[in-house]
Amino acid sequence: MEEGWLLNADYVTRNNRAIVRLWIVSGENRLVLLDKNFEPYFYVIPERDSAEMEVERFVEKVEWTRRRDHGREVEVLKVYARHPQEVPRIREEISKLPSVREVREADIPFAIRYLIDKGLIPCGVIEWSGEELPSGEIEVSEILPVEKGTSDPPFKVMAFDIEVYNPHLSTKPERDPIIVISCCTNTGESKLFLAERKGGNSDDRGAIKEFISFVKSFDPDVIIGYNSDNYDWPYLRSRCEIVGIPLEIGRDGSPPKFRGGARRRIKIVGRANVDLYRVAERDLGEVKIKTLENIGAHLGIDFEKAEIPKDKIWEYWDSEREELLQYALGDSLLTMEIGLRLLPLQYEFSRMIRRPLDEVYAMGRGKQVESYLINEAYSRGELVPQKPRELERESYEGALVLKPKKGLHENVICLDFASMYPNIMIAYNISPDTLCKDCSEEEAYVAPYVNHKFRKEPPGFFKEILQRLIETRKKIKAEMKRYPKNSEQYRVLDVKQSTIKILTNSFYGYMGWSGARWYVKECAEATTAWGRYTLLTVVEMARKKGIEVLYGDTDSIFVLNSDKVQEFLEEVNRELPLELEVKGLYKTIFFTEKRKRYAGLLEDGSIDVKGFEVKRGDWSELAKEVQEEILRVILVERDPNKALEYVRKVIRELKDGKIPLEKLAIYKTITKELKEYKSIQAHVMAAMRAADLGRQIDPGTKIGFVVVRGSREKVRERAIPVEEAKKEEIDVQYYIEKQVLATAHRILKHFGYSKEDLLDRGQVSLMDFLGR
DNA sequence: TGGACCCAAGGCCAT
DNA sequence: TGATGGCCTTGGGTCCAG
């Protein structure tokens with residue numbers, strides 16, 4: 001048997017038959033495995049026995065088999081199609097038959113079906129025996145997954161980035177050529193491909209050709225970019241069409257395939273395309289403005305990169321080319337560095353949910369959970385439910401949030417339930433297949449408030465899966481202790497446990513997602529009901545013990561610390577089927593009267609802020625900086641008066657024009673097409689102005705704007721993109737009142753200061769008045 | 001006509 | 001293309017006193 005890493009899977013059609021094709025990395029070799037012995041199939045749940053005869057009219061082969069549907073055994077027809085492309089049509093026809101109740105699993109892609117049935121793990125190792133064909137491909141006779149301690153696959157990775165000549169505000173492939181393509185590899189190579197000057201214009205033919213031949217010669221397994229799905233790839237494709245060069249970079253010589261519109265995914269045959277921006281969008285929410293540079297800084301990458309304003313790229317190309325080339329190279333080098341840090345988690349997700357890397361990176365969390373469940377269902381002989389027809393969103397009651405006791409508190413301990421929702425699902429056997437309407441109260445757990453019932457036995461689909469995930473994670477965490485924290489083994493195990501944690505914590509949300517195959521509202525509703533009940537129970541238990549509860553949210557309570565707390569913890573853990581543990585100890589903590597907003601000084605001297613504007617991406621840097629400093633002075637220096645003086649100083653600086661423009665920019669996301677907005681607020685207006693000037697504004701675009709002076713009253717009338725603003729035009733009064741004062745007063749009002757106090761009206765009231 | 005009040009839209013964060 | 005709860009700003013409307 002030979003061995004190799006599974007990079008990707010697809011199929012080819014030869015002699016009208018679909019042949020599964022696997023792309024393998026084996027040492028220095030890149031192999032193609034073909035399996036001719038796998039047929040597309042799906043299931044039919046019959047209404048009557050005549051279904052068999054009626055279904056047979058549409059296909060060559062039908063056989064009876066036993067499966068389970070939500071735990072119950074069912075006799076179903078396994079229906080084989082001649083070719084995967086026939087499946088959608090046959091499925092349509094068959095599901096119309098009166099003798100057919102339901103069609104199942106007809107929408108699982110052929111190559112994915114193969115991976116599931118064979119138990120093969122993408123980004124993992126497989127072994128096979130077979131025969132080499134004259135074409136060099138290998139026809140396999142036997143193929144198996146190999147259980148191995150995981151490590152990162154030995155893939156060759158290439159990062160790339162394009163720069164476009166852009167004397168206009170936007171870039172248009174019909175008009176603007178590519179001027180630089182920069183590439184680098186995880187083997188240390190880097191290349192720049194430059195356009196040539198021809199009669200005053202730049203000609204990118206040569207650059208594109210050289211790029212294509214570099215891709216062919218380096219032959220990467222993984223190609224990464226930053227926003228490449230929405231910019232670099234579409235642009236390259238357009239340029240190739242315009243200049244008449246085929247973008248033949250697939251391992252079979254084919255061009256990339258673009259699938260879908262705004263949420264497009266790009267497939268390159270035999271390789272894996274990964275856009276790190278989409279990974280960052282899903283996994284790095286803490287980075288508010290996701291530029292390449294910000295992501296790099298967040299990941300701790302020490303990288304000096306030349307700064308060139310986007311709209312000046314063409315000028316540098318014309319007159320300061322060397323700097324532009326450094327900049328362009330920096331982009332692909334930084335993309336590579338980011339890739340080296342983000343890819344391991346994507347590899348592990350690929351293994352966990354058994355999907356090729358180039359699908360995993362852009363899948364939403366719900367789809368990732370679903371892929372995992374589909375594999376679990378197969379191994380249990382369970383039929384996969386159909387996708388819900390229409391997304392009928394029925395909302396349900398969620399978590400409980402207590403009103404905080406406002407003010408400063410000393411020596412506060414935060415207790416929380418470990419993975420509350422997954423553990424509730426385990427404790428009360430919540431699962432689509434255990435939900436029962438007519439169980440007796442003895443044989444079922446009955447959810448409080450909502451009265452949904454779940455059979456106590458046998459363990460449900462979700463319970464079994466969650467139990468095993470949590471158990472596996474515990475083992476990994478124990479194993480991690482055997483290695484030093486900076487070791488490779490530790491890092492690999494950490495990625496593994498972290499993947500399990502993310503997946504485990506996504507189950508509840510998946511259950512309540514109306515687009516999920518395993519969507520059952522009652523399950524989600526019962527989970528939160530037990531959550532509310534549990535939180536109320538511990539609050540009551542604490543009070544009975546004379547422990548003061550200051551705040552609580554979903555699965556946590558903040559209490560005044562005392563020697564009673566340890567005993568209380570033990571009592572809770574004795575009486576409830578969940579584990580309450582210490583999450584943190586605050587020397588000082590500050591609550592306002594509002595929920596989900598607090599700031600505390602932890603034992604190690606760090607400050608933990610939740611909810612306040614400091615943590616939000618849609619406030620100016622100035623406002624956030626001021627609020628952060630106020631919280632620090634209050635919690636650490638315990639000197640509200642000093643905070644007051646600080647605010648007054650900042651306001652003076654603002655009036656004196658000493659605050660740089662960048663600190664005044666407010667960033668918000670455009671979430672839909674501009675014309676669809678019912679309410680035109682500042683960020684929408686700023687985006688419209690940007691669009692008028694030629695900037696591309698799509699849903700998902702972050703727009704940075706500032707508020708300038710003017711006769712118009714409404715903020716939106718005075719909101720302009722930050723790139724177009726001058727510092728002299730800033731509406732200082734807006735920033736004082738709506739940004740600095742608003743955020744500062746939210747904290748300082750609890751220490752007896754009014755907005756007037758913060759403004760220092762007494763001393764500068766006349767100036768202030770004239771200033772308006 | 002301006003201010004008090006209310007509500008919905010919009011966005012982002014806590015859990 | 002997991003979930004609900006919650007906070008805050010803005011814009012748009014009504015009502016009412018002056």
Side-chain angles (χ1 to χ4, degrees), chain A residues 260-263 265 278 281-282 285-286 288 359 362-373 387-388 391 393-404 414 416-417 419-422 502-519 521 523-525 527-529 531-532 535 551-557 583 592-598 608-619 623 666-672 676-685 687 699-700 702-703 707 713-719 734 737-739 742-743 745-746:
Chain A
R263 320 184 64 86
R265 227 172 302 159
R278 304 190 53 173
E281 253 189 334
R282 187 191 50 219
E286 60 269 41
K288 308 298 174 193
E359 295 190 23
M363 283 167 93
R365 208 58 90 195
K367 284 289 179 195
Q368 292 182 335
V369 170
E370 189 152 281
S371 180
Y372 184 80
L373 290 175
K387 285 180 191 161
L391 298 185
R393 288 201 43 185
E394 300 171 90
S395 78
Y396 56 90
E397 196 174 338
L400 181 66
V401 190
L402 306 180
K403 192 159 184 178
C414 175
D416 79 341
F417 287 102
S419 301
M420 186 195 232
Y421 286 166
I502 294 168
L503 210 56
T504 306
N505 289 338
S506 305
F507 266 71
Y508 153 71
Y510 174 79
M511 239 172 22
W513 171 39
S514 56
R517 290 174 190 261
W518 276 274
Y519 165 65
K521 195 183 117 178
C523 292
E525 203 171 28
T527 305
T528 57
R532 295 193 299 277
L535 186 63
Y551 178 58
D553 184 348
T554 312
D555 61 351
S556 68
I557 56 169
K583 190 177 176 194
T592 69
E593 71 277 36
K594 301 294 185 190
R595 299 168 168 94
K596 295 188 185 281
R597 301 200 143 197
Y598 60 86
D608 181 28
V609 182
K610 301 286 182 203
F612 284 122
E613 285 78 0
V614 184
K615 298 277 280 186
R616 298 179 63 95
D618 56 349
W619 284 79
I666 297 161
Y667 290 85
K668 282 192 167 151
T669 309
I670 296 299
T671 58
K672 49 191 170 193
E676 284 169 20
Y677 277 92
K678 289 183 201 162
S679 165
I680 311 291
Q681 299 194 356
H683 66 293
V684 181
M685 195 63 115
K702 273 253 194 229
I703 181 94
V707 178
E713 190 203 344
K714 291 198 184 348
V715 179
R716 67 165 174 221
E717 305 288 353
R718 295 181 284 112
Y734 172 84
E737 282 176 19
K738 303 293 186 181
Q739 292 281 320
T743 49
H745 188 242
R746 196 124 43 226

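Note on naming: letters A, B, ... go to the chains in the order of the sequence lines (proteins, then strands), and numbering restarts at 1 for each one.
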Nucleotide nearest [X] (side chain, heavy atoms from C-beta), chosen from [options]:
{"X": "A:Ser395", "options": "C:dT4, C:dC7, B:dA14", "result": "C:dT4"}
{"X": "A:Tyr734", "options": "C:dT1, C:dT10, B:dT15", "result": "C:dT10"}
{"X": "A:Lys714", "options": "C:dG12, C:dC8, B:dG11", "result": "C:dG12"}
{"X": "A:Asp553", "options": "C:dC7, B:dA14, B:dC12", "result": "B:dA14"}
{"X": "A:Tyr508", "options": "B:dG11, C:dA3, B:dT15", "result": "C:dA3"}
{"X": "A:Ser506", "options": "C:dG11, C:dT1, C:dG2", "result": "C:dG2"}
{"X": "A:Trp513", "options": "C:dA3, C:dT9, B:dC12", "result": "C:dA3"}
{"X": "A:Thr669", "options": "B:dC12, C:dG6, C:dA3", "result": "B:dC12"}

Rounded to the nearest angstrom, tell me the gap between atom [atom1] in [X] and atom [atom2] in [N].
{"X": "A:Leu503", "N": "C:dG2", "atom1": "CG", "atom2": "C1'", "answer": "11 Å"}
{"X": "A:Tyr510", "N": "C:dA3", "atom1": "OH", "atom2": "C1'", "answer": "14 Å"}
{"X": "A:Glu713", "N": "B:dG2", "atom1": "CD", "atom2": "C1'", "answer": "11 Å"}
{"X": "A:Ile703", "N": "B:dC12", "atom1": "CD1", "atom2": "P", "answer": "13 Å"}
{"X": "A:Asp555", "N": "B:dA14", "atom1": "CG", "atom2": "P", "answer": "14 Å"}
{"X": "A:Met420", "N": "C:dG2", "atom1": "CE", "atom2": "C1'", "answer": "18 Å"}
{"X": "A:Lys668", "N": "C:dT9", "atom1": "NZ", "atom2": "P", "answer": "10 Å"}
{"X": "A:Leu402", "N": "C:dC7", "atom1": "CG", "atom2": "C1'", "answer": "17 Å"}

Within the pair [X] and [N], is there a side-chain N or O less than 4.0 Å away from OP1 or OP2?
{"X": "A:Arg393", "N": "C:dT4", "answer": "yes"}
{"X": "A:Arg716", "N": "C:dG12", "answer": "yes"}
{"X": "A:His683", "N": "B:dG10", "answer": "no"}
{"X": "A:Thr671", "N": "B:dG11", "answer": "yes"}
{"X": "A:Lys610", "N": "B:dA14", "answer": "no"}
{"X": "A:Arg532", "N": "C:dT4", "answer": "no"}
{"X": "A:Lys288", "N": "B:dC13", "answer": "yes"}
{"X": "A:Lys702", "N": "B:dC12", "answer": "yes"}
{"X": "A:Lys672", "N": "B:dG10", "answer": "yes"}

Answer with base, sugar-phosphate or nothing: what part of the nucleic acid does [X] contact at a heavy-atom distance below 4.0 Å?
{"X": "A:Glu370", "value": "nothing"}
{"X": "A:Ala682", "value": "nothing"}
{"X": "A:Trp518", "value": "nothing"}
{"X": "A:Lys583", "value": "nothing"}
{"X": "A:Ala524", "value": "nothing"}
{"X": "A:Tyr677", "value": "sugar-phosphate"}
{"X": "A:Lys678", "value": "sugar-phosphate"}
{"X": "A:Gly509", "value": "base"}
{"X": "A:Tyr396", "value": "sugar-phosphate"}
{"X": "A:Tyr519", "value": "nothing"}
{"X": "A:Val369", "value": "nothing"}

Requested in this report: Verify side chain to side chain contact (heavy atoms under 4.5 Å, CB included) between A:Val369 and A:Trp518, making sure each step is shown before the conclusion.
Outcome: CA-CA 10 Å; A:Val369 170; A:Trp518 276 274; over 6 Å; no

Query raised in the report: Do you know the tightest heavy-atom contact between A:Thr671 and A:Pro699?
Result: O-CB, 3.8 Å

Query raised in the report: Which atom names give the shortest non-hydrogen contact between A:Trp619 and A:Glu613, and what distance separates them?
Result: CE2-CG, 3.2 Å

Query raised in the report: Taking the side chain from A:Arg595 and the backbone from A:Pro404, do they hold a donor-acceptor pair closer than 3.5 Å?
Result: no

**Report entry** Basic-acidic side-chain contact under 4.0 Å: A:Asp553, A:Lys596
**Finding:** yes

Report task. Would you mind checking if A:Glu281 and A:Arg278 are paired as a salt bridge, meaning a charged N to carboxylate O distance below 4.0 Å? Result -> no

Report task. Please work out which of the three classes, parallel, tilted or perpendicular, describes the rings of A:Tyr508 and A:Tyr396, given edges at 30° and 60°. Result -> perpendicular

Query raised in the report: With a 3.5 Å cut-off and just heavy-atom distances, do the side chain of A:Arg616 and the base of B:dC12 make a donor-acceptor pair?
Result: yes

Requested in this report: Please lay out, stage by stage, how A:Ser371 and A:Met363 fare under the test side chain to side chain contact (heavy atoms under 4.5 Å, CB included).
Outcome: CA-CA 10 Å; A:Ser371 180; A:Met363 283 167 93; 4.2 Å; yes

